Structure formats: C-alpha cells, structure tokens
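Protein chains get the first letters and strands the later ones, always in sequence-line order, with residue 1 at the start of each. Predicted, not measured: the structure shown is a model, and the values here were computed from it.
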There are 2 protein chains.
Amino acid sequence: MVTTSATPLLPGDPYQADCPTRRILDRIGDRWTVLVIGVLDHGDARFSELRRRIAGVSQKMLTQTLRGLERDGLVRRTVYPEVPVRVVYGLTEAGRTLQEPLRALQQWSIEHLGDVSASQQAYDLRD
Amino acid sequence: MVTTSATPLLPGDPYQADCPTRRILDRIGDRWTVLVIGVLDHGDARFSELRRRIAGVSQKMLTQTLRGLERDGLVRRTVYPEVPVRVVYGLTEAGRTLQEPLRALQQWSIEHLGDVSASQQAYDLRD
DNA sequence: CAGTATCCATTTGGATACTG
DNA sequence: CAGTATCCAAATGGATACTG
C-alpha cells in the first residue's frame with residue numbers, strides 16, 4: 001500500500017490523537033475484543049457459543065464488543081430468522097488479517113513475560 | 001528464552017485471565033505507554049522532554065507510565081544528582097524488542113483504518 | 001436464543017497544589 | 001527539574017431484570 005495521504009504519518013511521530021497506532025490500540029486494547037477475534041478465527045460461532053468459550057464475559061460486554069467489531073467491518077453478523085432466532089458471527093477478510101499482528105504481539109509476550117515478571121519482583125523488593 | 005512452564009499456552013486458548021495476549025494488552029493498551037516507547041526508541045530523553053514531545057500527557061500519567069515501564073524492565077531510569085536534578089529515560093534491550101510487534105500493529109492500522117472508517121460510516125447510516 | 005435497558009461499583013485519568 | 005499528593009469527573013464494565 002502507498003501512503004499518499006495529506007498527513008504523511010511520520011514514523012516517529014505517533015503522538016497525535018488520530019495516529020494509527022493510537023486508533024488500533026483503542027480498538028483492540030479493551031478486555032474482550034482480541035478474545036472474540038481469537039475464537040472467531042477458529043470458525044464462525046453463535047452468540048451463545050462465544051459466551052461459553054470466552055470465560056467471564058458478560059452478555060452486555062459481549063454484545064457491545066461484537067457491535068463494535070461489526071461496525072468496524074471486522075466481524076460479520078448473520079441473523080437466521082428461525083424460532084428461536086439464530087445469530088452467527090464470523091470474521092470478515094479484514095478481521096482475519098488482524099490476527100497476524102496480534103499473533104506477533106502474543107509471540108512477544110510468550111518470549112518476554114517471564115523476564116517482565118522477574119523484573120517486577122526485583123522492582124517490588126527494592127528499598 | 002524457554003517456555004518450560006506448566007501451563008503450555010495453547011495457541012487457540014487465549015481466554016484465560018493470565019494469557020500472554022491479555023497481559024501484553026494490559027501493558028500497552030493504555031493511552032500513553034506506546035507513545036512513550038515510540039519517543040524513547042529515537043533515543044534517551046529527559047522527563048521534561050518526554051512531556052513536551054507527547055502532546056496532551058499530564059505529569060501524573062507520564063510519571064505513572066514511566067514507573068510501570070521501569071518496573072517491567074522495559075525502560076531504564078537514570079538519575080544524575082545535579083542541581084536541579086536531571087533524570088534520563090531510555091529503552092532497555094527488552095523494551096527495544098517490543099517496537100517490532102508494535103510496528104506490525106501500526107502497519108495494519110495504516111493499511112486498514114481507511115476501510116474501517118468507511119465501514120463505520122456505512123454502519124451509522126443504516127436503518 | 002439473543003439480545004436491550006438500567007443501576008451502580010470500580011477504575012481511569014485530568015487538574016491543581018505542593019516539594020526536595 | 002522532576003516529581004508526589006489529593007480531589008474529583010468521566011468512562012468502564014459487571015449484575016440484574018426484562019423482551020421479541
């Protein structure tokens with residue numbers, strides 16, 4: 001992709017409110033979004049299935065998270081007007097591409113969170 | 001680093017509270033952490049310099065963010081006991097490695113946030 | 001089943017005043 | 001200069017009750 005935009009996105013200047021890094025973190029930084037994407041990456045799922053598989057999520061937060069992802073075009077919501085109604089969620093193409101950078105982040109976590117925990121312990125034992 | 005832990009970190013099972021993805025997002029998901037890392041990646045900086053370069057950050061939040069990063073071993077804090085005191089912050093090796101997955105995320109943003117904005121507009125115009 | 005609506009406790013973070 | 005301490009408004013999110 002080309003960055004021909006009027007705002008040249010200086011690589012070292014991400015401290016504006018509308019910078020891409022800020023926006024993506026606002027998108028995925030909450031408690032449930034990445035978990036929903038993670039589950040849906042295994043395949044489509046109904047609302048109740050998502051709720052079961054994501055331990056601890058409330059109905060309100062799951063709905064809210066799914067609405068946000070749908071609004072952003074990362075998740076597709078399909079309603080089958082049966083009785084009772086069946087609603088199936090799935091990742092869009094855009095949603096699927098997000099998994100790659102998320103996995104990079106997860107990989108960093110796996111490699112470094114041991115050191116991070118050790119550093120925290122050392123820090124807390126100071127003085 | 002080796003992952004010899006008793007919890008094998010199933011790749012498709014990131015819905016536990018202590019999963020690596022959750023922990024790294026708790027770490028970088030807040031408003032200021034990635035911005036601090038972004039600035040420090042250009043080189044060490046004093047407290048006042050960070051404050052100037054990160055538009056909108058309050059003294060309290062900058063301090064809080066830096067303390068958290070220091071505790072995690074991602075940022076090094078050096079005090080020069082001059083008068084007035086001079087404090088210089090810099091990334092540790094671990095802190096520097098975090099820049100790579102962050103850049104991947106930023107790259108995804110740059111490539112997709114146009115589509116996301118379009119999708120939001122379409123969503124909001126529905127009904 | 002898949003939500004919506006409401007209430008409320010906790011968390012987050014900005015503003016302000018003060019300090020070694 | 002580089003903080004700390006305190007107060008308080010707004011946002012976040014869980015619990016509960018209700019619905020097409």
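To the nearest angstrom, P of C/dC1 lies 13 Å from CD of A/Glu82. Taking atom CZ of residue B/Arg52 and atom P of nucleotide D/dA2, one finds them 10 Å apart after rounding to whole Å. Separating the CD atom of B/Gln64 from the P atom of D/dG3 is a distance of 13 Å, rounded to the nearest angstrom. Between the CD1 atom of B/Ile54 and the C1' atom of C/dG13 there is a distance of 15 Å, given to the nearest Å. When rounded to the nearest whole Å, the span between CE of A/Met61 and P of D/dT16 equals 17 Å. Put simply, NZ on A/Lys60 is 9 Å from P on D/dG13, counting in whole angstrom units. Taking atom CG of B/Leu62 as the reference point, atom P of D/dG3 lies 8 Å away to the nearest angstrom. Taking atom CZ on A/Arg86 and atom P on C/dG3, their separation rounds to 13 Å, with Å as the unit.
One finds no side-chain N or O of B/Tyr89 lying less than 4.0 angstrom from the OP1 or OP2 phosphate oxygen of D/dC1. At the phosphate of C/dA2, neither OP1 nor OP2 sits under 4.0 Å from any side-chain N or O atom of A/Arg77. Distances shown here put every side-chain N or O of A/Arg31 at or beyond 4.0 Å from the OP1 or OP2 atom of D/dG14. Contact annotation: A/Trp32 side-chain N/O to D/dT12 OP1/OP2 distance is not under 4.0 Å. Phosphate contact (OP1/OP2 of C/dA2, side-chain N/O of A/Ser48, threshold under 4.0 Å): present.
B/Gln106 has its side chain out of reach of B/Val34: every pair of non-hydrogen atoms, C-beta onward, lies at least 4.5 Å apart. In this structure the side chain of A/Tyr89 never reaches within 4.5 angstrom of the side chain of A/Asp44, judged on heavy atoms.
Distance check, rounded to the nearest 0.5 Å: CD1 of A/Ile24 to CD1 of B/Ile110 gives 11.5 Å. Atoms CG and CD, from B/Leu74 and B/Glu93 in turn, are 11.5 Å apart once rounded to the nearest 0.5 Å.
When all heavy atoms of B/Leu40 and B/Leu50 are compared, the closest pair comes out as CD2-CD2, 3.8 Å.
When both distances must be under 3.5 Å, the Watson-Crick or G-U wobble mate of D/dT19 is C/dA2. When both distances must be under 3.5 Å, the Watson-Crick or G-U wobble mate of C/dG13 is D/dC8.
Across the interface with DNA chain D, nearest-nucleotide mapping of A/Val57 and A/Pro84 shows A/Val57 to be the residue nearer the 5′ end. Where A/Val85 and B/Ser58 each meet DNA chain C at their nearest nucleotide, the meeting point lying more 5' is that of A/Val85.
B/Gln59 comes within contact range of at least one nucleobase, with a heavy-atom separation under 4.0 Å. Within 4.0 Å of B/Arg51, counting heavy atoms only, lies no atom of the nucleic acid at all.
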